[in-house]
4 protein chains.
Amino acid sequence: MQSRTPHARAGRPRSAAADAAILAATRAALVELGWSKLTLGDVAGRAGVAKTTLYRRWAGKNELVVDAVAELFDELRLPDRGSLAADIEGVVLQFAAILARPEARSGLMAVVAESTRDEALRERIRTSIVDRQKRLVLQGRARAQARGELPREDDAETAARTADLIFDVVAGAVVHRTLVSAEPADEEWVRRFTQVLLQGLGAVSG
Amino acid sequence: MQSRTPHARAGRPRSAAADAAILAATRAALVELGWSKLTLGDVAGRAGVAKTTLYRRWAGKNELVVDAVAELFDELRLPDRGSLAADIEGVVLQFAAILARPEARSGLMAVVAESTRDEALRERIRTSIVDRQKRLVLQGRARAQARGELPREDDAETAARTADLIFDVVAGAVVHRTLVSAEPADEEWVRRFTQVLLQGLGAVSG
Amino acid sequence: MQSRTPHARAGRPRSAAADAAILAATRAALVELGWSKLTLGDVAGRAGVAKTTLYRRWAGKNELVVDAVAELFDELRLPDRGSLAADIEGVVLQFAAILARPEARSGLMAVVAESTRDEALRERIRTSIVDRQKRLVLQGRARAQARGELPREDDAETAARTADLIFDVVAGAVVHRTLVSAEPADEEWVRRFTQVLLQGLGAVSG
Amino acid sequence: MQSRTPHARAGRPRSAAADAAILAATRAALVELGWSKLTLGDVAGRAGVAKTTLYRRWAGKNELVVDAVAELFDELRLPDRGSLAADIEGVVLQFAAILARPEARSGLMAVVAESTRDEALRERIRTSIVDRQKRLVLQGRARAQARGELPREDDAETAARTADLIFDVVAGAVVHRTLVSAEPADEEWVRRFTQVLLQGLGAVSG
DNA sequence: GCCTAATCGAGACGGTACGTCTTGTCTTAAT
DNA sequence: ATTAAGACAAGACGTACCGTCTCGATTAGGC
């Protein structure tokens, strides 16, 4: 029996360290320069890497920034604070904290803007960021159901659509507050947002 | 007595037609090329205008696109459909329809991304787009209060903060659904979103 | 009666100073770096000019160097030293002196090498360098005929072919001596070469 | 018994076939691409050899091309046509035929151009090409002397200098005619050139 | 009916980044 | 030790756009 791996690709293997250095350099450049003044030549320089090495791995600025930003969101965790409201407030505050960081602020919206004309980029954002963080909604719901705060669904498809809706409402509200309205999503705001989310509009207007 | 123009500057006056032509050309270029491939030279060419003329009126690409996109949202109207839920559904569908147009999709998020590092641009977006459309929330609440669907507020400041919150939730959810999740905000989705907004999360999960 | 020139091309006119600065910078770069390490970016930098300005006027490195080198040969003059042999020696020594300069040495042969695969470049070399210096052969012959050292031709076409032949022999020998054999074309060599040219091979072998 | 390799170096021996394949590939690339667009990566690919192998044997493009071109001139032979004039015409026509081949045209002048700034390369050209072909001049003179067409020299040093001069005149004239003037060195031209060389300028002008 | 002055179109200008290409070195596994 | 394969750092390529500038040619109002 021959070697298991087809034939272990010939030639010098790609440096694993380079990938990490490039993504870190990308975030550093986003902090210092912002999206529009970030250049791939500059990123390569910061990472101590040639431009070719960078282009061998990523198709362009968009793809690179998606990957660099996606890592930021992986640190989100759903805390167990004893109630659905408290859990939501906890995770929303974490999300707001990430969106307060300059490397996330300009990078995230810029790639979303580009993705409106680039199907592959849209898919990459969905895979690397959106779908990956939907786990928080699912975990939160499951925990609330275990506590008896929310009923269990009968229909799996409806359940999935509802999770998507909740994700759009939560993520959209925080992003809009932070980047468009350009106001901080502080504890007070998060408390009021969570109240609307759980009890509806009437609850805060009264 | 109002201000009179200081002394009606001498020399050839600026062409009024040029402004409209430039904004229209900008939207056309956004449709064809998207934000990142749109160049001011190209816009000038489409508008039949010299680059100098364009730079005399706008500081750069960002400012130009903000003005070009802002006009799109001025056509939003709050319909009177007899109930708060129906009114919300109506205006959200209009908003979703605008966000389905390519000149709005890439232009809007791009200038928001740029605004994270440019205070003046952020202010321009707030003035030209955000604050201008908050009227819809205020109108909707007033009408709902007149109908007795919502209570009247005692505290003006709390009322203002609530209006901001509602605006962030509504606009944020639609933008996220449309541009990030990249799914259509169709009637079914709008109906379910409105239900959550008015009655809270429990209403759709049951 | 309207203006004579069709309409005096619109727009900012090209800077005349830039042309001279670029050609001078090209020669300076040839001296310092030689042909193969000369870069257009470097030339632009030396000339205090943007790369675009350079590319607007010349198609590439080849064309630029042809023009820069061609100017060097325009300083050649046929001296009147009283005899054909002395006149030839005089002009050949001038030619050798130019070929001793580093900006001519590497530039000239390099563009000739490139011209073997580029018809337009070949034509440019012929026009700017070769044909322009053939005047020296014609002047020299005319003067020798006036002195009675050479007979007058009957046939104009034969006369032209002979001038071409002489030019190839003289220029070729000096270039080969200087660049290929890489020995100096000093007074001694020039004297012996002129002897062969005028009297034939037997004259020096004896 | 000839020299034996000192101690038959350990490890895998160098492939002898590779050298020939590389030189042939170099000439093929010169024909197709010319000097300036010839790359070592391309040559390696054509020869079915890794770039490493190529760099282990030659220092760079210049050295490789010198060797590839040098082989072309080794096929030159001095024909015995019965008279000095006929012998010269014969060998000059052979030389012209080689210079008509594209691999020689661009390769030869390019390495000469490079050699103006590279002493080692100049020496390599002298050794591999120039000195090697001077044998033709020496043979031709010896044969002419045997025939009584040329006198025998008394001074060996003068004889050597004259041989160099003749070589520069012959090679220089043919190269200049072929590459700079870009006209064919055909039989008619060679006949007239030989006449000048043997009898001097007066012979053709009359 | 001039005069004056800001506007207009055109396009050249100095810069800067692009994404690709080549160079010469290096790191693998295989021979 | 040499090989094929291919990744690597470095840096030039020729193009595109930016925002500014310099032109000559309009085009109004004020005189």
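Since this is a predicted model, take the numbers as computed values, not measurements. So that the names make sense, note that chain A is the first sequence line, chain B the second, and so on, each numbered from 1.
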Using a cut-off of less than 4.0 Å, is there contact between a side-chain N or O of [X] and OP1 or OP2 of [N]?
{"X": "D/Arg56", "N": "F/dT2", "answer": "no"}
{"X": "A/Thr53", "N": "F/dA9", "answer": "yes"}
{"X": "C/Arg57", "N": "E/dC13", "answer": "yes"}

Under 4.0 Å between a side-chain nitrogen and a carboxylate oxygen: does that hold for [X] and [Y]?
{"X": "A/Asp42", "Y": "A/Arg46", "result": "yes"}
{"X": "B/Lys61", "Y": "B/Glu114", "result": "no"}
{"X": "A/Glu63", "Y": "A/Arg57", "result": "no"}

What's the [atom1]-[atom2] distance between [X] and [N], to the nearest Å?
{"X": "C/Glu63", "N": "F/dC13", "atom1": "CD", "atom2": "C1'", "answer": "15 Å"}
{"X": "B/Glu114", "N": "F/dC18", "atom1": "CD", "atom2": "P", "answer": "13 Å"}
{"X": "A/Lys51", "N": "E/dT20", "atom1": "NZ", "atom2": "C1'", "answer": "8 Å"}
{"X": "C/Ile22", "N": "E/dG14", "atom1": "CD1", "atom2": "C1'", "answer": "12 Å"}
{"X": "B/Leu54", "N": "F/dC21", "atom1": "CG", "atom2": "C1'", "answer": "17 Å"}
{"X": "B/Asp19", "N": "E/dT7", "atom1": "CG", "atom2": "C1'", "answer": "13 Å"}
{"X": "C/Leu33", "N": "F/dG11", "atom1": "CG", "atom2": "P", "answer": "14 Å"}
{"X": "A/Leu64", "N": "E/dC18", "atom1": "CG", "atom2": "P", "answer": "11 Å"}

Measuring from the side chain of [X] (C-beta onward, heavy atoms only), which nucleotide among [options] has the closest atom?
{"X": "C/Arg12", "options": "F/dT22, E/dG19, E/dT23", "result": "F/dT22"}
{"X": "B/Lys61", "options": "F/dC18, F/dA9, F/dA7", "result": "F/dC18"}
{"X": "D/Tyr55", "options": "E/dT22, E/dC18, E/dT25", "result": "E/dT25"}

Identified side chain to side chain contact (heavy atoms under 4.5 Å, CB included) partner of A/Arg124 from the options A/Asn62, A/Val66, A/Val111: A/Val66
With nearest nucleotide decided by heavy atoms, which residue, B/Gly41 or A/Val49, maps closer to the 5′ end of DNA chain F? A/Val49
Does A/Thr52 or C/Pro13 map to a spot on DNA chain F nearer the 5' end, using the closest nucleotide for each? A/Thr52
Look only at the side chain of D/Arg101 and the backbone of D/Val31, and say whether a donor-acceptor pair between them is shorter than 3.5 Å. no
Quick one: on DNA chain E, does A/Leu40 or C/Gly48 contact a more 5' nucleotide (nearest heavy atom)?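 Closest to the 5' end, via its nearest nucleotide, is C/Gly48.
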Residue pair D/Leu38/A/Gly60 against DNA chain E: nearer the 5' end by closest nucleotide is A/Gly60
